[in-house]
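What follows is a short report on a single structure.
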Amino acid sequence: MNKYLSSKMEVFSGDKGLFAIFGISSELERAGKKIIHMEIGKPDFDTPRVIKEAGIKAIGDGVVHYAPPGGIHELKEAITAWSKRRYGLDYDAKTECLITVGASEAIHLVWSAFLDNDEEVMIPSPYYGSYVYQVASADAKYIEVPVLKEGVIKYDMTEFEARITDKTKVLMINSPNNPTGYVMSDEEMQAVADFAIKHNLLVISDECYDHFVFNSEFKSIATLPGMKGRTFVVNSTSKTFSMDGWRVGYVLAPAEFIETMQNVHEHLAICPTSFAQQGAIAAYTEELQETKEMVAEYKRRREYIIGELSQIDELSFYTPQGAFYVFIDVSKTGQSGADFCLGLLNKKGVATASGESFGKQWTDYIRISYCCSMEDLKEAVRLIKEYISDLPALQ
């Protein structure tokens with residue numbers, strides 16, 4: 001490693017994870033190769049018109065300068081009213097809401113403001129890989145708790161009890177989950193809440209896929225008794241409103257937590273983009289038919305992709321209940337997840353993500369995102385089948 005780099009950067013060296021694959025596929029695409037993008041959770045739907053118009057109007061009106069560090073108050077009011085209306089979460093817009101540069105910054109602020117370098121965060125695995133890179137860059141530590149075993153996902157609290165130490169301070173949950181699409185049951189969520197209270201843990205609840213629950217209703221852990229005062233509710237406009245490039249997120253938490261996080265936030269990001277926040281106000285105040293149509297279309301794609309994948313003998317997977325991903329065991333093909341991922345990309349032009357992006361033990365897995373058109377989805381399935389049938393180990 002370069003002698004000038006911090007030792008914290010070792011975790012990033014040689015990274016061949018999610019964003020590395022996205023970079024490779026983008027380069028191939030620029031070189032003229034047709035790529036079907038299934039490697040990243042980038043919605044293929046446009047941002048709803050009313051949101052874009054609000055952003056454009058803001059630029060025309062000169063809303064192009066610094067906004068208040070904590071976020072535009074009207075947006076904070078819109079978000080807290082929306083959260084109360086949908087989920088019964090009652091937060092004060094002025095003191096208990098912070099607008100951030102996407103959900104990623106919101107989560108990073110927790111690591112920065114609340115973890116010392118000898119303290120730990122507990123993360124159910126598989127998980128969104130950026131969590132652990134952020135923890136490492138904050139010079140803290142993390143504990144992985146596997147919840148996927150033999151194709152079944154279960155939050156077994158004996159596993160959590162076996163791994164907790166006196167340095168564990170934060171518990172991370174993500175439901176619906178990226179990469180598995182798993183939605184925690186009410187019983188599991190209550191068990192996690194009881195565990196957090198018992199061990200006096202702070203909880204980050206990543207709720208970015210709250211709209212994408214296909215067979216039940218979304219529930220936030222912050223609604224459970226004793227949890228609001230220890231929970232950071234993190235969400236963003238990226239998935240629900242197809243605004244991933246706008247980079248507007250938020251965190252809801254007790255006032256003293258928000259104040260501490262804002263102290264860090266305003267010296268790193270200063271503020272989220274002012275005119276993007278104006279667009280987000282429209283997102284949280286308008287009744288958007290486009291969001292309903294998008295969710296319905298993702299459900300249709302989910303039914304198609306799990307139906308097709310279930311017919312491929314060499315693949316096995318957990319049937320997702322939410323989000324827009326499928327986490328697939330490819331070990332029966334004779335390839336690791338990374339080799340399968342790169343081979344499929346280079347030979348067939350289908351970009352997926354290696355399982356190692358979601359925890360080091362998931363070397364036999366890939367994740368696919370069905371954030372592409374139904375036409376591309378059908379073509380991708382055909383190419384995946386073709387790629388598997390061409391593998392020497394299966395000849």
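Positions are given from 1 along the sequence. Only this structure's heavy atoms are used, side chains among them; waters, hydrogens and symmetry mates stay out.
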Take atom NZ in K42; do more than 12 heavy atoms of anything else shown fall under 6.0 Å from it?
-> no
Is there a donor-acceptor pair under 3.5 Å between the side chain of N235 and the backbone N or O of E207?
-> yes
For D116 and K167, what are the C-alpha separation, side-chain angles and deciding distance, and is it a side chain to side chain contact (heavy atoms under 4.5 Å, CB included)?
-> CA-CA 10 Å; D116 285 326; K167 297 293 186 181; over 6 Å; no
Do M122 and V145 touch side chain to side chain, with heavy atoms closer than 4.5 Å?
-> yes
Test ring pair (Phe, Tyr, Trp, His ring centres under 6.0 Å) applied to Y318 - qualifying residues, sequence neighbours left out | Y182
Side chain to side chain, M38 and C372, heavy atoms closer than 4.5 Å = yes
Could you pull out the closest heavy-atom pair between M227 and A196, with the gap in Å?
-> CE-CB, 4.2 Å
Could you give me the CA-CA distance, side-chain angles and deciding distance for F257 and L202, then say whether side chain to side chain contact (heavy atoms under 4.5 Å, CB included) is met?
-> CA-CA 11 Å; F257 292 175; L202 298 173; 3.7 Å; yes
Between G62 and H65, which heavy-atom pair has the shortest distance, and what is it?
-> O-CD2, 3.8 Å
Classify the angle between the aromatic ring planes of Y87 and W82 as parallel (below 30°), tilted (30 to 60°) or perpendicular (above 60°).
-> perpendicular
Check whether any side-chain N or O of K141 sits under 3.5 Å from a backbone N or O of N117 as a donor-acceptor pair, and report yes or no.
-> yes
Please report the C-alpha distance between R300 and E297 in whole Å, then the side-chain angles of each, then the deciding distance to 0.1 Å, and finally whether the salt bridge (Lys or Arg N to Asp or Glu O under 4.0 Å) criterion is met.
-> CA-CA 5 Å; R300 185 171 79 97; E297 175 61 16; 2.9 Å; yes
hydrophobic_cluster_shared for V147 and V183, side chain cutoff 4.5 Å = no
Are the side chain of R367 and the backbone N or O of E39 linked by a donor-acceptor pair below 3.5 Å?
-> yes
Does K76 make a cation-pi contact with Y284, if we ask for NZ or CZ under 6.0 Å from the ring centre and within 45° of the axis?
-> no
Of all heavy-atom pairs between G279 and I51, which one has the smallest distance, and what is that distance?
-> O-CG2, 3.4 Å
Measuring from E259:CD to M261:CE, what's the distance to the nearest 0.5 Å?
-> 12.5 Å
Lys/Arg-Asp/Glu bridge criterion (N-O < 4.0 Å) met for K348, E379 | no
For the pair L148 and F327, evaluate side chain to side chain contact (heavy atoms under 4.5 Å, CB included) and give the outcome as yes or no after the intermediate values.
-> CA-CA 10 Å; L148 171 60; F327 201 50; 3.9 Å; yes
How about I388 and K385: do any of their side-chain heavy atoms sit closer than 4.5 Å?
-> no
Donor-acceptor under 3.5 Å (N174 side chain, P176 main chain) = yes
Give a yes or no on this: more than 12 heavy atoms of other residues, nucleotides or ligands lie within 6.0 Å of atom CD of Q311.
-> yes
Checking T80 side chain against E77 main chain: does a donor-acceptor pair fall under 3.5 Å?
-> yes
Expected output: side-chain R302 to main-chain A323 donor-acceptor under 3.5 Å = no
Going only through I, L, V, M, F, W and Y residues with side-chain contacts under 4.5 Å, is there a path from F241 to V101?
-> no
Is the ring centre of Y209 less than 6.0 Å from the ring centre of Y325?
-> yes
Decide whether W362 and S125 meet the rule of one side-chain donor and one side-chain acceptor closer than 3.5 Å.
-> yes
Does a donor on one side chain sit under 3.5 Å from an acceptor on the other, for Q190 and D194?
-> yes
Passes side chain to side chain contact (heavy atoms under 4.5 Å, CB included), S354 versus F340? Steps please.
-> CA-CA 8 Å; S354 168; F340 188 98; over 6 Å; no
Min side-chain heavy-atom separation Q361-E144 under 4.5 Å = yes
Consider only side-chain heavy atoms of I, L, V, M, F, W and Y, link residues closer than 4.5 Å, and tell whether F218 and F214 are in one cluster.
-> no
Is it the case that more than 12 heavy atoms not belonging to R86 sit under 6.0 Å from its CZ atom?
-> yes
How far apart are the C-alpha atoms of K52 and D46, what are their side-chain angles, what is the distance that settles it, and do they pass the salt bridge (Lys or Arg N to Asp or Glu O under 4.0 Å) test?
-> CA-CA 9 Å; K52 292 197 294 183; D46 196 3; 2.6 Å; yes
Side-chain donor or acceptor of D329 paired with backbone N/O of S331 under 3.5 Å | yes
Residue pair T47 / W246, side-chain donor-acceptor N/O under 3.5 Å | yes
Got a second to check how far D390's CG is from L383's CG, nearest 0.5 Å?
-> 10.5 Å
Look at the side chain of H265 and the backbone N and O of P69, then say whether any donor-acceptor pair between them is shorter than 3.5 Å.
-> yes
Atom CE of M189 and atom CG of L224: how far apart are they, to the nearest 0.5 Å?
-> 7.0 Å
Check the hydrophobic clustering (I, L, V, M, F, W, Y; side-chain heavy atoms under 4.5 Å; chains of links allowed) and say if L115 and V251 are grouped together.
-> yes
Polar contact flag, side-chain donor to acceptor under 3.5 angstrom, T363-E356 | no
Would you mind reporting whether E161 and H199 have side-chain heavy atoms less than 4.5 Å apart?
-> yes
Measure from the side-chain N and O atoms of T100 to the backbone N and O of G102, and report whether any donor-acceptor pair falls under 3.5 Å.
-> yes
So which heavy atom on S104 is nearest to which on Q134, and how close?
-> O-NE2, 3.1 Å
Pair E375-S373, side-chain donor/acceptor within less than 3.5 Å | no
Side chains of Y387 and Q335: closer than 4.5 Å at any heavy-atom pair?
-> yes
Going through the checks in order, is the salt bridge (Lys or Arg N to Asp or Glu O under 4.0 Å) test met by D118 and K169?
-> CA-CA 10 Å; D118 63 341; K169 190 174 186 179; over 6 Å; no
Worked verdict on Y304 versus Y370 for ring-ring contact (aromatic ring centres under 6.0 Å, His included) = CA-CA 10 Å; Y304 171 78; Y370 46 92; over 10 Å; no
State, with a plain yes or no, whether a side-chain heavy atom of Y155 is found less than 4.5 Å away from one of F195.
-> no
Could you check if a side-chain atom of R247 sits within less than 4.5 angstrom of a side-chain atom of S238, using non-hydrogen atoms only?
-> yes
Shortest non-hydrogen contact from P43 toward D244 | CD-OD1, 3.7 Å
Does atom NZ of K154 have more than 12 heavy-atom neighbours from other groups under 6.0 Å away?
-> no
Kindly work out whether a path of hydrophobic side-chain contacts (I/L/V/M/F/W/Y, heavy atoms less than 4.5 Å apart) joins V248 to F45.
-> no
Would you find more than 12 non-hydrogen atoms of other residues, nucleotides or ligands less than 6.0 Å from Q289 atom CD?
-> yes
Without swapping roles, check the side chain of T231 against the backbone of V233 for a donor-acceptor pair under 3.5 Å.
-> no
I312 CD1 to I384 CD1 distance, which is reported to the nearest 0.5 Å | 6.5 Å
At their closest point, which heavy atom of I306 faces which heavy atom of F317, and how far apart are they?
-> O-CZ, 3.6 Å
Mind checking the CD-CG spacing from E266 to L268? Nearest 0.5 Å is all I need.
-> 10.0 Å
